[in-house]
Amino acid sequence: MGAGAVGCYVGGRLARVDGVEVVLVGRPWLREQVAASGLSLVDLAGREHSIRADELTVETSASSLAGCDVVLCCVKSGQTDEVGAGLAGVLGPDAVVVSLQNGVRNAERLRARLAGRVVLAGIVGFNVVARDGGGFRHTTVGALMVERTDEPRGARLVAAMRAAGLEAGMPSEIERHQWAKLLVNLSNAVSALSGAPTRDMVLRPGYRRIVAAVMGEGYRVLRAAGIRPASLRGIPVGWLPRLLRLPTPLVRLLARAQLKADPEARSSMFADLDRRRTTEVDDLNGEIVRLAERAGVEAPLNARLVQLIREAEVAGAGSPCLGPDAFWAALTGR
């Protein structure tokens with residue numbers, strides 16, 4: 001449900017697994033594109049996976065999901081309530097819904113709309129970018145995660161993801177992994193406002209200073225709120241701001257070992273600004289701001305990022321493409 005970049009990539013990969021029937025619910029252009037030339041998916045290693053039109057079904061209405069055993073919800077956070085209400089009138093009582101969305105609240109929102117059904121939190125730990133001509137490219141390293149459950153279809157889904165060649169797991173305490181992902185996703189707003197690829201944000205000192213400051217503030221808020229996020233690929237997330245402040249040659253060595261990012265990789269928030277769509281900043285940086293208020297601390301950098309993104313949304317001109325110095329001044333007033 002919501003076959004954008006992530007939905008098309010994950011759904012397309014699953015469509016090649018024996019015994020898995022995939023329905024993509026997306027916009028009319030997607031149905032036309034798939035009917036004309038199928039799906040073109042490129043994995044992180046650069047291998048192309050061509051999915052024929054007869055290997056999956058593409059529809060534009062949620063009603064087409066009525067017979068599905070498992071529904072992967074891939075819509076933007078701002079659409080969750082509306083989509084949940086729509087699915088409530090479509091899905092059978094035994095359907096399992098998995099939230100493959102950013103933020104930490106979407107599974108809760110879906111549960112409120114889909115009372116009585118199994119709703120599982122999920123995480124997409126990698127980025128996917130849309131390519132010209134309707135293709136989709138996996139651009140950063142990371143795993144798919146699905147909340148641990150006694151419902152057997154959860155384990156079957158993860159097994160199908162692995163059979164499709166995707167890194168996938170069912171961790172315990174998925175909330176800790178969601179908070180770790182949110183901490184990293186605080187940089188999405190930096191990507192959106194700078195227009196810089198992910199590798200540039202890591203390797204250019206000016207952008208790296210901004211990302212380190214924003215993440216460091218977010219981590220301090222989590223600690224004040226008593227939240228212990230999980231490690232990311234073996235690295236405690238509290239180390240990330242300190243690692244980003246290391247000299248560039250050392251960061252380059254670390255990035256070579258830990259960050260496999262395609263040169264095209266940018267955040268989905270950049271794509272939202274570029275396409276004049278409402279972003280998910282309120283469910284990312286805004287989540288830190290609200291958590292800070294409840295914990296009795298401040299989060300001025302994340303609050304300012306929310307404001308800058310809102311201003312860019314209203315302007316409707318895409319990313320302002322702020323350079324490092326101009327960005328730091330806009331963020332801090334210095």
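Residue indices begin at 1 and follow the sequence shown.
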Minimum heavy-atom distance A35-A53, with the two atoms named
CA-CB, 4.3 Å
Could you give me the CA-CA distance, side-chain angles and deciding distance for R105 and S77, then say whether side chain to side chain donor-acceptor pair (under 3.5 Å) is met?
CA-CA 9 Å; R105 306 293 175 195; S77 297; over 6 Å; no
Shortest non-hydrogen pair, Y207 vs A196, comes out as CE1-CB, 3.7 Å
Any salt bridge between R156 and D69, counting N to O under 4.0 Å?
no
With the threshold set at 4.0 Å, does a side-chain nitrogen-carboxylate oxygen contact exist between E108 and R111?
no
With F270 as reference, evaluate S194, S319, P197 under the side chain to side chain contact (heavy atoms under 4.5 Å, CB included) test and give the passing residue.
S319
Please determine which of R137, H49, R131 meets the side chain to side chain contact (heavy atoms under 4.5 Å, CB included) test together with L41.
H49
Charged N to carboxylate O under 4.0 angstrom, R220 versus E217?
no
Looking only at heavy atoms, the pair that brings R275 and A130 closest together is NH2-CB, 3.6 Å
Parallel, tilted or perpendicular, as decided by the 30° and 60° cut-offs, for the rings of Y9 and H138:
perpendicular
Charged N to carboxylate O under 4.0 angstrom, E173 versus R148?
no
For V90, the other hydrophobic cluster members (4.5 Å side-chain criterion, sorted by chain and number) are M1, V23, V25, L65, V71, V75, V83, L87, L91, V97, L110, L114, V119
Sole residue of R233, R13, R162 in salt bridge (Lys or Arg N to Asp or Glu O under 4.0 Å) with E167:
R233
Does a side-chain heavy-atom distance below 4.5 Å link H177 with P171?
yes
Would T80 and N106 count as having a side-chain donor-acceptor pair, cut-off 3.5 Å?
yes
Please answer whether the main-chain N or O of V202 pairs with a side-chain N or O of R208 as donor and acceptor at a distance below 3.5 Å.
yes
Salt bridge (charged side-chain N to carboxylate O under 4.0 Å, His left out) contacts in which one or both residues fall within residues 304-330, not counting sequence neighbours
R310-E313
Can you check side chain to side chain contact (heavy atoms under 4.5 Å, CB included) on L232 and V184, steps first, answer last?
CA-CA 9 Å; L232 285 170; V184 172; 3.1 Å; yes
Same hydrophobic cluster for M145 and V124, using side-chain heavy-atom links shorter than 4.5 Å among ILVMFWY?
no
Checking side chain to side chain contact (heavy atoms under 4.5 Å, CB included) for the pair V141/F126: CA distance, chi angles, key distance, verdict?
CA-CA 6 Å; V141 70; F126 53 82; over 6 Å; no
Any sub-3.5 Å donor-acceptor pair from T60's side-chain atoms to G26's backbone N or O?
no
Would I123 and L144 count as a side chain to side chain contact (heavy atoms under 4.5 Å, CB included) here? Give the steps.
CA-CA 6 Å; I123 297 170; L144 291 164; over 6 Å; no
Cluster overlap L273 with V314, hydrophobic side-chain contacts below 4.5 Å:
no
Pairwise distance CG(N285) to CZ(R290) - rounded to 0.5 angstrom
10.5 Å
Exercise: identify the closest heavy-atom pair between L24 and G11:
CD2-CA, 4.1 Å
Are L243 and I235 close enough, and set up right, to give a side chain to side chain contact (heavy atoms under 4.5 Å, CB included), and what steps lead you there?
CA-CA 10 Å; L243 293 175; I235 297 178; 4.1 Å; yes
Is there a path of hydrophobic side-chain contacts, each under 4.5 Å between heavy atoms of I/L/V/M/F/W/Y residues, joining L56 to L100?
yes
Within a strict 4.5 Å, meaning less than it, do heavy atoms of the V306 and I309 side chains meet?
no
Output for pair (R209 CZ, T332 OG1), nearest 0.5 Å, gives 7.0 Å
Non-hydrogen atoms of A312 and L193 that approach each other most closely
CB-CD2, 4.3 Å
If you group Ile, Leu, Val, Met, Phe, Trp and Tyr by side-chain heavy-atom gaps below 4.5 Å, do L222 and V211 land in one group?
yes
Scan side-chain atoms only and decide if Q101 and S99 contain a donor-acceptor pair under the 3.5 Å cut-off.
yes
